[in-house]
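Chain letters run A, B, ... following the sequence lines, proteins first, then strands; residues in each count from 1.
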There are 2 protein chains.
Amino acid sequence: MIQSLTHLDREHLQEALNRSGQKVTTQRETVFSVLLSERDHPTVDEVFNRAREAMPGLSLATVYNCLETFVSCGLVRQVNHERESTRYCPNLAPHAHFRDKETGRVHDIELPPEVIKSLRSILPPGFDSEVIEISFLGRAQGKESTSN
Amino acid sequence: MIQSLTHLDREHLQEALNRSGQKVTTQRETVFSVLLSERDHPTVDEVFNRAREAMPGLSLATVYNCLETFVSCGLVRQVNHERESTRYCPNLAPHAHFRDKETGRVHDIELPPEVIKSLRSILPPGFDSEVIEISFLGRAQGKESTSN
DNA sequence: TTGCGGATTAGACTCATTCTAACTGATTGA
DNA sequence: TCAATCAGTTAGAATGAGTCTAATCCGCAA
Ligand SMILES: [Mn+2]
Ligand SMILES: [Mn+2]
Ligand SMILES: [Zn+2]
Ligand SMILES: [Zn+2]
């Protein structure tokens, strides 16, 4: 079930879109609310199928467009694992991803600042990095996905 | 220029292939020597083009097959960055990858055991990880690629 | 020699993603 | 009120890395 956006989330969306000169549309609200409703790192197709329940006429192209828009205004991160379909994550806190081999589920792993520092410290002089991506592959026992 | 395999590298190849019940072929030797000649994380197409110089009849399908074989016997790692073409790396030491935004070049970054430990330590109880992938995106000044 | 089984090969196919070009609908301002 | 404008949406075509298929090839052992 897709919840509609809370007042705060709607403001967050509006603020980020306005900041990059883009408009709030019902499609964008719907797609964004899908991402917030179940924080399980859905693929484009999963987002599409969930969003269609609330908005039957929505097209796949628009889902691609919305997600690309959100990424470009920093509302959402793309998550890639090997060459599988790209997944989307609305968690803006620094975090790593843990991919469960059995279930395929992707979990957020909080990334403390000191670990980030320790990672930056392995870069030789002359290397300057803006983005660090960390992903674990393994098994997670009996964890349920974090719903919103 | 593709160098042919040293005695040691040929043994390494043979040993790994035999261990998983597969045969040494001239195609596999050629593809493997391409990977060792220039350790710049080439894509399949780059491997194909380099290997064809030494072996003109070689097919793209075989390059895919060889690389898959090497990955499955642990001779080589796949390296993915977002949704770009997969790259291949024969460096078996634990290391992260640094992707230069300007040049697209991929550099190996040594990964000290204590950093690996610090990463594992952020996993909540119940999460058990076999593989950790770390990739940096940024700029590297005036570094040449590591040739062999 | 001959037969077997793994390896190689060309080309067809898949499918996530990108591109294109037509359409929609809100906004503006004459 | 009406028409122009223009970002956004849409269906469907195109792209391209990777996979699959089915026909040879070839080294080895009986
Ligand atoms: Mn990634
Ligand atoms: Mn990767
Ligand atoms: Zn996440
Ligand atoms: Zn590497």
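In this structure, Ser85(A) reaches the sugar-phosphate backbone alone: every heavy-atom distance under 4.0 Å involves primed, P, OP1 or OP2 atoms, never a base. Nucleic acid contact for Gln22(B): sugar-phosphate only, since backbone atoms but no base atoms lie under 4.0 Å from a heavy atom of the residue. At the heavy-atom level, Thr43(A) lies nowhere under 4.0 Å from the strands shown. Heavy atoms of Leu58(A) sit under 4.0 angstrom from primed sugar atoms or phosphate atoms, though from no base atom.
When each of dA16(C), dA7(C), dG18(D) is scored by its nearest atom to the side-chain atoms of Arg83(A), the top-ranked nucleotide is dG18(D). With dT9(C), dT9(D), dA11(D) as the choices, the nucleotide that has an atom nearest any side-chain atom of Ser59(A) turns out to be dA11(D). Checked against dG18(D), dT8(C), dA16(C), the side chain of Asn65(B) finds its nearest nucleotide in dT8(C). The side chain of Ala61(B) lies closest to dT9(C) when the candidates are dA7(C), dA17(D), dT9(C). Looking at the side chain of Tyr64(B), the nearest of the listed nucleotides dT9(D), dG18(D), dA7(D) is dG18(D).
Of the residues in residues 66-77 of chain A, not one comes within less than 4.0 Å of DNA chain D through any heavy atom.
Rounded to whole angstrom, the span from the CD atom of Gln27(B) across to the P atom of dA10(C) amounts to 11 Å. Counting to the nearest Å, the C1' atom of dT18(C) and the CZ atom of Phe48(A) are 16 Å from each other. Distance Glu46(B) CD to dA17(D) P: 11 Å, rounded to the nearest Å. Met55(A) has its CE atom 13 Å from the C1' atom of dT24(C), to the nearest Å. Distance Asn49(A) CG to dA16(C) P: 12 Å, rounded to the nearest Å. Between the CD atom of Gln78(B) and the C1' atom of dG18(D) there is a distance of 11 Å, rounded to whole Å. Put simply, CG on Leu60(A) is 15 Å from C1' on dT20(C), counting in whole angstrom units. For the pair Asn80(A) CG and dT17(C) C1', the interatomic distance rounds to 12 Å; values are reported in whole Å.
Taking a cutoff of 4.0 Å between a charged side-chain nitrogen and a carboxylate oxygen, Glu15(A) and Arg10(A) do not qualify as a salt bridge. We find that Glu82(A) and Arg83(B) are not joined by a salt bridge, their nearest charged nitrogen and carboxylate oxygen being 4.0 Å or further apart.
In this view, Ser59(B) and Thr62(B) satisfy the side chain to side chain donor-acceptor pair (under 3.5 Å) rule, not counting sequence neighbours.
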Inset, instruction - Carefully, step by step, assess Arg99(A) and Glu133(B) under the rule salt bridge (charged side-chain N to carboxylate O under 4.0 Å, His left out). - result: CA-CA 11 Å; Arg99(A) 170 81 203 270; Glu133(B) 302 246 316; over 6 Å; no
Inset, instruction - For Asp40(A) and Arg50(A), run salt bridge (charged side-chain N to carboxylate O under 4.0 Å, His left out): C-alpha distance rounded to whole Å, both residues' side-chain angles, the deciding distance at 0.1 Å, then the answer. - result: CA-CA 12 Å; Asp40(A) 59 350; Arg50(A) 294 175 197 177; 2.8 Å; yes
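For Phe136(A) and Phe127(B), the ring centers sit 6.0 Å or farther from each other. Proximity of the aromatic rings of Tyr88(B) and His41(B) is defined here by a centroid distance below 6.0 angstrom, and this criterion is not met.
In summary, the side chains of His97(A) and Asp108(A) do present a donor paired with an acceptor at a separation below 3.5 Å, with no hydrogens or angles considered.
Remark: Thr25(A) is not in phosphate contact with dG8(D), judged by side-chain N or O atoms under 4.0 Å from OP1 or OP2. At the phosphate of dT17(C), OP1 or OP2 sits under 4.0 Å from a side-chain N or O atom of Thr86(A).
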